[in-house]
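As structure tokens, the structure follows; a few thoughts come after it.
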Amino acid sequence: LVTYSSLLDGLGKAGRLEEAFSVFAKMTEEGCEPDVVAYTSLMDVLGKGGKTNHALTIFRAMIKKNCAPDAVTYSSLIDSLGKEGRVEEAYYFFEDSKRKGCTPNVSVYSTLIDSFGKKGLVDRALGLYEEMQRMQCSPNNITFNSLIYGFVKAGRFSMAEKLFGEMEHKGCIPDVVTYNTLIDGFGKMGMIDEAENYFKEMKKKGIDPDLITFTSLIESLGKAGKLMKACELFDLMEEEGCSPSVITYNVLIDILGRAGKVHEAAMMFHEMKVNGCMPD
RNA sequence: GGAAUUAUACUCGU
């Protein structure tokens, strides 16, 4: 059973959806009854492959077989529905889990908070954040990062900053994802000073900027017309041993092109190939 | 053995 489940998970992560499905069918044929982990693995594979309706079918099948879904099953399903924008259905299954006595854990709450946030329903996300605390479920960094993402994207900057301040008081230390979310979010809204301040702040706190930090800030600087600063930051990332990705090069080529620096853009295109980065 | 958070163009839609 463990062997089959591992195989299922592996095939799924490799995007080999049909093979995962035939492994599941085979284990059933061989009289190896899938347990909650096997069912959930298959559902997760299907959901991540964009086959959420199929995952729902499996969900109903497991219930019919008297195999009780657990918190992992629900969070996987909620995540798949949420990523398709089907947040009301996601919310329905969240409530369903409670009705069935499966208490949502921090991952389940965070998953749904993230779905609501990405749909712009930030007040509902905040409601869940309050609810989880009433239910003695402590939010973690992922919870806060998801909330902050939603509020920044919704343009609710002061709430995003309030949550950022609140996380420390609740025992969650802002991490590189927290800062990246803020830097990218503020940067995309043209609030470059704020973005740069977060960049300075993270370094002061000993959090190393990563590939995403640099790429986000380079893009925002470039689009705000601060091309020089963007290029300096690109140099800095290389000095700091942070290798640019295809995305970093795409961003650079884009902002150089927008600024009419076609020659420099072409040089970047060349440089990326020299550095073993395949243009996509 | 299974689940949740952050970066890129264009077009179109809101």
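Keep in mind it's a predicted model, so treat the numbers as computed, not measured. Every heavy atom of this structure was used, including side-chain atoms; hydrogens, water molecules and symmetry mates were not. A, B, ... follow the sequence lines: proteins, then strands. Residue 1 opens every chain.
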OP1 or OP2 of B:A9 under 4.0 Å from side-chain N/O of A:Lys223:
yes
Determine whether the aromatic ring centres of residues A:Phe144 and A:Tyr129 are separated by less than 6.0 angstrom.
yes
Could you tell me whether A:Glu219 and A:Lys226 have a side-chain N and a carboxylate O separated by less than 4.0 Å?
no
Atom pair distance, as rounded to whole Å: CZ in A:Phe234 and P in B:U8
17 Å
Quick one: A:Ile113 CD1 to B:U6 P, roughly how many Å, whole number?
14 Å
Report the distance from atom NZ of A:Lys118 to atom C1' of B:A7, rounded to the nearest whole Å.
13 Å
Do A:Tyr4 and A:Phe24 have ring centres separated by under 6.0 Å?
no
Is there a residue in residues 130-139 of chain A whose heavy atoms reach under 4.0 Å of RNA chain B, and which residues are they?
none
Please evaluate residues A:Thr111 and A:Asp79 with respect to the criterion side-chain hydrogen bond (donor to acceptor under 3.5 Å, both in side chains), reporting the C-alpha separation (whole Å), side-chain torsions for both, the decisive distance (0.1 Å), and the verdict.
CA-CA 6 Å; A:Thr111 304; A:Asp79 188 50; 5.3 Å; no
Quick check: are there more than 12 heavy atoms from other residues, nucleotides or ligands sitting under 6.0 Å from NZ of A:Lys162?
no
Using a heavy-atom cut-off of 4.0 Å across all strands, would you classify A:Ser146 as base, sugar-phosphate, or nothing?
sugar-phosphate
Starting at CG of A:Asn140 and ending at C1' of B:U5, how long is that distance when rounded to a whole Å?
9 Å
If you only use heavy atoms from C-beta on, which nucleotide in B:A4, B:A3, B:G1 is closest to the side chain of A:Lys83?
B:A4
What's the CD1-P distance between A:Ile247 and B:C10, to the nearest Å?
15 Å
Could A:Lys200 and A:Glu196 be called an ion pair, given the rule that one side-chain N must be under 4.0 Å from one carboxylate O?
no
In sequence, state the C-alpha distance, the side-chain angles, and the governing distance for A:Arg258 and A:Glu264, and then conclude on salt bridge (Lys or Arg N to Asp or Glu O under 4.0 Å).
CA-CA 11 Å; A:Arg258 281 173 204 253; A:Glu264 287 81 350; over 6 Å; no
Measuring centre to centre across the rings, with the benzene-like ring taken for any Trp, is A:Phe94 within less than 6.0 Å of A:Phe116?
no
Indicate whether OP1 or OP2 belonging to B:A4 is found under 4.0 Å from a side-chain N or O atom of A:Lys48.
yes
May I ask you to verify whether the side chain of A:Asp70 and the base of B:A3 hold a donor-acceptor pair under 3.5 Å?
no
Check whether any side-chain N or O of A:Lys13 sits under 4.0 Å from OP1 or OP2 of B:A3, and answer yes or no.
yes
What distance separates A:Cys32 SG from A:Leu1 CG, expressed to the nearest 0.5 Å?
4.5 Å
Name of the residue among A:Tyr91, A:Tyr92, A:Phe93, A:Phe59 meeting ring pair (Phe, Tyr, Trp, His ring centres under 6.0 Å) with A:Tyr74:
A:Phe59
Which pairs pass side-chain hydrogen bond (donor to acceptor under 3.5 Å, both in side chains) with one or both residues in residues 118-127 of chain A, sequence neighbours excluded?
A:Glu88-A:Arg124, A:Asp114-A:Lys118, A:Asp123-A:Arg156
Nearest whole angstrom, please: distance from the C1' of B:G2 to the CZ of A:Phe59.
15 Å
Within residues 202-220 of chain A: residues closer than 4.0 Å to RNA chain B (heavy atoms):
A:Leu211, A:Ile212, A:Thr215, A:Ser216, A:Glu219
Is any NZ, NE, NH1 or NH2 atom of the basic residue among A:Glu30 and A:Lys26 found under 4.0 Å from an Asp or Glu carboxylate oxygen of the other?
yes
Just to be sure I understand the geometry, which residues of residues 36-47 of chain A put a non-hydrogen atom under 4.0 Å away from RNA chain B?
A:Val36, A:Val37, A:Ala38, A:Thr40, A:Ser41, A:Asp44
Looking at residues 253-280 of chain A, who's got a heavy atom less than 4.0 Å off RNA chain B?
A:Asp254, A:Arg258
Consider side-chain contact (heavy atoms from CB on, under 4.5 Å). Of A:Asp44, A:Val23, A:Thr40, which one does A:Leu8 pass it with?
A:Val23
Taking A:Glu95 first and then A:Lys98, would you say they form a salt bridge - that is, a charged N and a carboxylate O separated by under 4.0 Å?
yes
Hydrophobic cluster membership, with links at side-chain heavy-atom distances under 4.5 Å among I/L/V/M/F/W/Y: are A:Met132 and A:Leu112 in one?
yes
Among B:G1, B:U8, B:G2, find the nucleotide with the atom closest to the side chain of A:Leu1.
B:G1
Between the base of B:A3 and the side chain of A:Ser75, is one N or O donor paired with an acceptor at under 3.5 angstrom?
yes
Would you confirm whether the ring centroid of A:Phe234 sits within less than 6.0 angstrom of the ring centroid of A:Phe214?
no
Choosing from B:G1, B:G2, B:A3, which nucleotide comes nearest the side chain of A:Thr73?
B:G2
For RNA chain B, determine which residues of residues 173-186 of chain A have any heavy atom closer than 4.0 angstrom to one of its atoms, and list them numerically.
A:Val177, A:Asn180, A:Thr181, A:Asp184
Determine, using ring centers only, whether A:Tyr179 and A:Phe164 are less than 6.0 Å apart.
yes
Interatomic distance, A:Tyr249 OH vs B:A9 P [rounded to whole Å]
18 Å
Provide, to the nearest angstrom, the distance between the CD1 atom belonging to A:Ile148 and the P atom belonging to B:A7.
14 Å
